[in-house]
Amino acid sequence: MNQPAHALWFDRKKYVTINFVVQKAKDVQVDIQPDKMILCCKNHTDDVFYNELHFYDKIQIHDSRERVYERTINVLLRKVKPDFAWPRLQKDEAKPSWITVDFDNWRDWEHEEDEGKEEYDRYVDMIQEMASTNKGQAPDMGDLSDFMSTVVSCCPAELKQEVNGKKETLKGFNVKLQDTILFPEGGGQPDDRGLIGDVPVFRVTRQGSEAIHFVGSPLEEGQEVQVKVDWERRFDHMQQHSGQHLITALADTFFGYKTTSWELGRQRSTIELDTPSVKPAQLQALEEAINEKIRAHVPVTVQLLSIDDPAVEKVRSRGLPDDHAGPIRIIIDIEGVDANMCCGTHVSNLSHLQVIKLLGTEKGKKNKTNLIFLAGNRVLKYAEKSYSTERSLVSLLKTGPDEHVEAVDKLQKSVKLLQKTNLSLLRDMAVLYAQNFKNDPQRGNFFSLHKKEGDNEFMNIIANEINTEETLVFLTVGEEKGPGLFVLAGPSGVVAEMGPRVLEILQGKGAGKNGRFQGKANSLARRGEVEALLQQHCKYHTSEEE
C-alpha cells in the first residue's frame, strides 16, 4: 500500500519549488511532464510513496529537475510563463491534505532578485562542496541527533500567515511534547523547523514555559517520538545570534553605543544602535575587533541562575518577559566582557562564527542607526553571489571589476540621451500623424492608431492636435496582445457612453471626463473589436444626422 509524500511548495517569478518530505529516499523515480509530475519512491523503512500532481499552469520540462537529499526530494519547475503568479500548486481548486505552502521561503516579488537556473545549481553545488571539504561545515549536532520525547497533547489548530499581502489560514494541530529540542521564536530569533517522527513542524511558539509545535498531521497522545531539528537552519540562527552578541558587546565597549533591538532576517540581520550615526572609521575598527575575537577561539558558555541570585543584577538585560518561568538563562562570552540574559541558541565557541561582515548602516527610527551584518555561512554565500555577479558584469561590460561603476555610469548617460532623442522623435511623429489625418479629405469622423513604443504623452499630443469635438479618436500603446495604455477622446456624450464599454473589452482600469477617457489595459488582444465597435457607432450617428 502506498501513500503520498508531504509536499512543501513556494512560488517565484520564474520557478516553482516543491520539497517532498521523505526520509532517506531510495528507488526514486520522478516523471516531470509539461502539465503534471509523478513521484514514486521508498523511504528508509521501505514505505512506498506515490504522488501524482497536475500543475496549476504549464512548465518547461527541459529546465526543470529534481535533487534527492537525506530528508527531502527537491523539485524545481521552470514556468512557461515567467512573472505569472501561481495562487496554488495544483490545477484542481480542492487542496489535498499533503500539500502545504512553505511560508518561510515565500516572499513578495517586489523585493525578489531574479534567480535563474544557473544560480540555483551554483548555490546547491556550493553548499555540497562546503559540506564535503569542511569549509564552513557546522559543528556536530551532538545529542540533538537522537532525541526522543513523548506527545503530551495534540489539538486541532490554525496558523494564520500573510503571503503576498494576502492573509491565509493553514489548518493543522498544536502539539505539546514532554520535552523538545526545537526552539520557539523569541529574543529576536526565529523559531526552529524540524520533524516530530515523520511529521514536519511548521511553527514553534512559546506559552509560558511550554513550547507549542504546529504540525499538519495529528499525533497520538502518549506516543513516543523522535524529534529532529533542521540543523542547517538552526546553525545559521546560532551564527547570527551569537554574532549579534559579539557585535553588541564590542560596540558598547568601544564607543558606548547601546543595542536597543535587533532582527535576524532571512538574508541579513540588523542591530539597532542608540546613536544618530556610526562613522566609517568606527565601522572598520569594529569589524576588525570582531573578527580578531573570532580568530582567538573565545569560548561561549551558558549559565543558569535563579531569579533571586545576586549575580543577576550584574547581567546586561532589557528585562524578563511577563510570563517567564523557571531559572534565568545567561550567555557569557568574550572572556567576561559581555554577560547577557538570552533565551536563544548559540555557538559554543566564537570560532564557529567563521567570519562577520558589517555591510554598512542605515538611518533608523527615533534618531537611531541600523547596523547591517552577515555572519558565518551567509558571508560565504554573499561572496559567491557577489563574485558571480562580478564575472557576469566583466562579460557584459568588457571591463575589469574596478571599472564597472564608470562603465555603467557611461551607459546610463547614453541611455538617457537615447531616450530623450526617442521621446523627441515620438512627439514629432505624433504631430505628423494628426496632421496627416486632418489633411486627408476622406478622413471621416473616426481616427484609430496603435503604436507599440508610445506613451500617454504621445497619445495626448495626437488627441490635442485633432479636433475631437467632431472626431472620435481611439489610441493605444504597448504590446499588441499584451498590456498597454489607451485613450478615447471625442464628443463628451459619445466618450461618456463608449468609455466604460472600451474599458470592459480591454479588461482595464481607467476613468474619464470632459470628452476624454483613458487608462490601463490588461490586454490589447481585443483592440480590433473595440475599433469595430467605435466605427459602427460613428457610422450610425452620422447616418442619423444625415
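The residues of the chain are indexed from 1 along the displayed sequence.
Comment: R234 engages D192 in a salt bridge, judged by a side-chain N to carboxylate O separation of less than 4.0 angstrom. Ion pairing between a basic and an acidic side chain is recognised when a charged N comes within 4.0 Å of a carboxylate O; K91 and D57 show no such pairing. Between D191 and R233, at least one side-chain nitrogen of the basic residue sits less than 4.0 Å from a carboxylate oxygen of the acidic one, meeting the salt-bridge criterion. The pair E362-R268 counts as a salt bridge, with a side-chain nitrogen and a carboxylate oxygen less than 4.0 angstrom apart. Salt bridge status for E168 with K160: absent, with no side-chain N to carboxylate O gap under 4.0 Å.
Counted by atom type alone, T180 and H213 present one or more donor-acceptor pairs between their side chains at under 3.5 Å. Using a 3.5 Å distance cut-off with no hydrogens or angles, the side chains of E272 and S261 do pair a donor with an acceptor. Side chain to side chain, Q29 and D31 fail the donor-acceptor criterion of an N or O pair below 3.5 Å. Side-chain polar atoms of E384 and Y382 form no donor-acceptor pair below 3.5 angstrom. At a cut-off of 3.5 Å, with distance as the only test, no side-chain donor of N291 or E287 sits close to an acceptor on the other residue. For H241 and Q189, the side-chain atoms include at least one donor-acceptor pair closer than 3.5 Å.
By the 4.5 Å heavy-atom criterion applied to side chains, K228 and R71 are counted as neighbours. For the pair D179/F147, a side-chain contact is recorded, criterion being any heavy-atom separation below 4.5 Å from C-beta on. Between K26 and K24, the closest side-chain pair of non-hydrogen atoms is not below 4.5 Å.
A distance-only check finds a donor-acceptor pair linking the side chain of Q240 to the backbone of A375 [under 3.5 Å]. N174 places no side-chain N or O within donor-acceptor distance of the main-chain N or O of C155, the cut-off being under 3.5 Å. Using a distance-only test at 3.5 Å, with no hydrogens or angles considered, a donor-acceptor pair links the side chain of Q223 to the main chain of E220. A donor-acceptor pair under 3.5 Å is formed between the side chain of Q239 and the backbone N or O of H352. Looking only at distances, no side-chain donor or acceptor of T72 sits under 3.5 Å from a matching main-chain atom of V68. For S64 (side chain) and R78 (main-chain N/O), a donor-acceptor pair under 3.5 Å exists by modelled atom type. No donor-acceptor pair closer than 3.5 Å links the side chain of D252 to the backbone N or O of K258. Although no hydrogens or angles enter the test, the distance criterion places a donor-acceptor pair under 3.5 Å between the side chain of Q90 and the main chain of D92.
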- Worked check of side chain to side chain contact (heavy atoms under 4.5 Å, CB included) between K79 and V16: CA-CA 7 Å; K79 297 178 180 178; V16 171; 3.7 Å; yes
- Task: Please lay out, stage by stage, how K58 and K81 fare under the test side chain to side chain contact (heavy atoms under 4.5 Å, CB included).
- Result: CA-CA 8 Å; K58 298 284 187 182; K81 292 186 284 187; over 6 Å; no
- Message: Test salt bridge (Lys or Arg N to Asp or Glu O under 4.0 Å) on E185 and R206; report intermediate values, then the result.
- Response: CA-CA 7 Å; E185 56 190 0; R206 184 177 67 86; over 6 Å; no
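Other residues, nucleotides and ligands contribute at most 12 non-hydrogen atoms within 6.0 Å of the NZ atom of K520.
Note on ring orientation: taking the six-membered ring where Trp is involved, the planes of F84 and Y56 are parallel (angle under 30°, cut-offs 30° and 60°). The aromatic rings of F373 and W262 lie parallel to each other, with less than 30° between the two planes, well short of the 60° mark.
A centroid separation of less than 6.0 Å is found between the aromatic rings of F202 and H6.
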